[in-house]
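Step one of this worksheet: look at the structure below.
Just follow the structure's listing: the first ligand is 1, and inside any ligand the first atom is 1. Hydrogens, waters and symmetry mates are skipped; everything else that's a heavy atom, side chains included, is used.
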Amino acid sequence: MPSKRLSVVVTRRLPEVVETRLTELFDAKLREDDRPMTRGELVDAMQEADVLVSTVTDRIDAGLIGQAGEKLKLIANFGAGFDHIDVATARSRGILVSNTPGVVTEDTADMVLALMLGVTRRIQEGMKVMQEGSWQGWAPTALLGGRLGGRRLGILGMGRIGQAVARRAAAFGMQVHYHNRHRLRPEIEDALEATYWESLDQMVARMDVISVNCPSTPSTYHLLNARRLQLMKPSAVIVNTSRGEVIDENALTRMLKAGQLAGAGLDVYEQGLAGNPELRDMPNVVMLPHMGSATQEGRVEMGEKVIINIKTFDDGHRPPDQVVPAML
Ligand SMILES: NC(=O)c1ccc[n+]([C@@H]2O[C@H](COP(=O)([O-])OP(=O)(O)OC[C@H]3O[C@@H](n4cnc5c(N)ncnc54)[C@H](O)[C@@H]3O)[C@@H](O)[C@H]2O)c1
Ligand SMILES: O=C(O)[C@H](O)CO
């Protein structure tokens, strides 16, 4: 007699190939539309499922976990960041949490470079001229940006994505610096030709570009607060593909408005879906709708990771990408 299949509830639409495989392997309940679940829908999902496949658009806090059914044993997140899940409360209820690290690394690092170039080479302003039909022809002094080569890049959070950014930045001729919770092993630091700064204050004061690549945790909340942002050079640019909460967005907005920072490239926001509204009209701010890892290949690989995590759990082992509160 076949054993009972795990009941898996998926909160968002996923690539078709991933949804198909989920239904082949498990008793999977998929979404018909693609809006985030309401809190009530999430409660229902967490009461009926053995496994919930969540995404960054599901805020799974202690209150919600408190309403989970006895059956719920795994939250298999479709995404690397897991700051939207109260992992400690889940653990106290015996619910495991897994994520999808690694497969998002290269795509997100590509987007960091795209944002850096977008801001420093004024791509948004150039596009606007073409879209408005106002281009008067080539001119020696029009739309001059700054060269990335030779500039100092400071990476805040030198994990998977941070290191992938470092490799790309080196290819552009940038000098790579970093601040991380732990210093990298010497052989990795040497391979990346990266300079470690124990003091974040000292690093931000000396960089031309800052790339934020640490996770959002209680210890990284507003790590770039008004005081630290004010240490930056007025000519410096900041790029954030991590999570909005790492930067004090109001302070960033004020400084950009006052010309105390040269520009910003943002994929993630602290306030609402699209950040402080004042950011949107600034020519030196390039804003994207959280699309750092948004490639077709990456999304399928994320789905494969989710499936491996669930299948391994179903086979009686810990999911390979289990996350634990200590990681915060
Ligand atoms: N924009 C996107 O689409 C997108 C895609 C993937 C990941 N992300 C975000 O990027 C983050 C990083 O992903 P990753 O795979 O590189 O994670 P990772 O865990 O490999 O690296 C994070 C690094 O940050 C460091 N860190 C943690 N707390 C710190 C602190 N207080 N000060 C300094 N360094 C600290 C860690 O030591 C680690 O080296 C994710 O948590 C997620 O929020 C965004
Ligand atoms: O963390 C990630 O993988 C992306 O930001 C989507 O959650």
Salt-bridge criterion met for Arg59 and Asp61 (N-O under 4.0 Å): no
Salt-bridged, Lys73 to Asp50, with N to O below 4.0 Å? no
Under a 4.0 angstrom heavy-atom cut-off, which atoms of ligand 1 come close to [X]?
X      : result
His290 : 1 (N), 2 (C), 3 (O)
Thr220 : 28 (N), 29 (C), 30 (C), 31 (N)
Asn213 : 12 (C), 22 (C)

Show which atoms of ligand 2 fall inside a sub-4.0 Å distance from at least one heavy-atom site of Arg243. 1 (O), 2 (C), 4 (C), 5 (O), 7 (O)
With heavy atoms of Val56 as the reference, note each atom of ligand 2 found under 4.0 Å away. 7 (O)
Heavy-atom contact check, 4.0 Å cutoff: does [X] meet ligand 1?
X      : value
Thr241 : yes
Met158 : yes
Ser216 : no
Ser219 : yes

What residue and atom, counting heavy atoms only, is the protein's closest point to [atom], and at what distance?
atom                    : value
atom 11 (C) of ligand 1 : Cys214 O, 4.1 Å
atom 33 (C) of ligand 1 : Arg181 N, 3.3 Å
atom 21 (O) of ligand 1 : Gly159 CA, 3.2 Å
atom 5 (O) of ligand 2  : His290 NE2, 2.6 Å
atom 2 (C) of ligand 2  : Ala80 N, 3.3 Å
atom 1 (O) of ligand 2  : Gly81 N, 2.8 Å
atom 5 (C) of ligand 1  : Thr108 OG1, 3.3 Å

Ignoring hydrogens and geometry, is there a side-chain-to-backbone donor-acceptor pair from [X] to [Y] under 3.5 Å?
X      : Y      : answer
Arg254 : Glu249 : no
Gln47  : Gln67  : yes
Gln175 : Arg151 : no
Asp86  : Thr89  : yes
Asp314 : Ile310 : no

Please determine if [X] has a nitrogen or oxygen closer than 3.5 Å to a nitrogen or oxygen of ligand 1.
X      : value
Arg160 : yes
Asp267 : yes
Ile161 : yes

Is there a donor in the side chain of [X] and an acceptor in the side chain of [Y], or the other way round, less than 3.5 Å apart?
X      : Y      : result
Arg299 : Ser293 : yes
Asp201 : Ser199 : no
Asn225 : Asp248 : no
His84  : Asn77  : yes

I'd like the name of whichever of [options] reaches closest to [atom] through any heavy atom.
atom                    : options                        : answer
atom 3 (O) of ligand 1  : Gly298, Ser242, Ser293         : Ser293
atom 38 (C) of ligand 1 : Leu200, Val268, Asn180, Thr217 : Asn180
atom 22 (C) of ligand 1 : Pro215, Gly79, Gly292, Gly102  : Pro215

Parallel under 30°, tilted from 30 to 60°, perpendicular over 60°: which one fits the rings of His177 and Trp197? tilted
Checking side chain to side chain contact (heavy atoms under 4.5 Å, CB included) between Leu224 and each of Ile210, Leu252, Asn240, which is the one that passes? Ile210
Mode of Arg299 contact toward ligand 2 - side chain, backbone, both, neither (heavy atoms, under 4.0 Å): neither
Quick one: does Glu32's side chain get under 4.5 Å of Leu30's, heavy atoms only? no
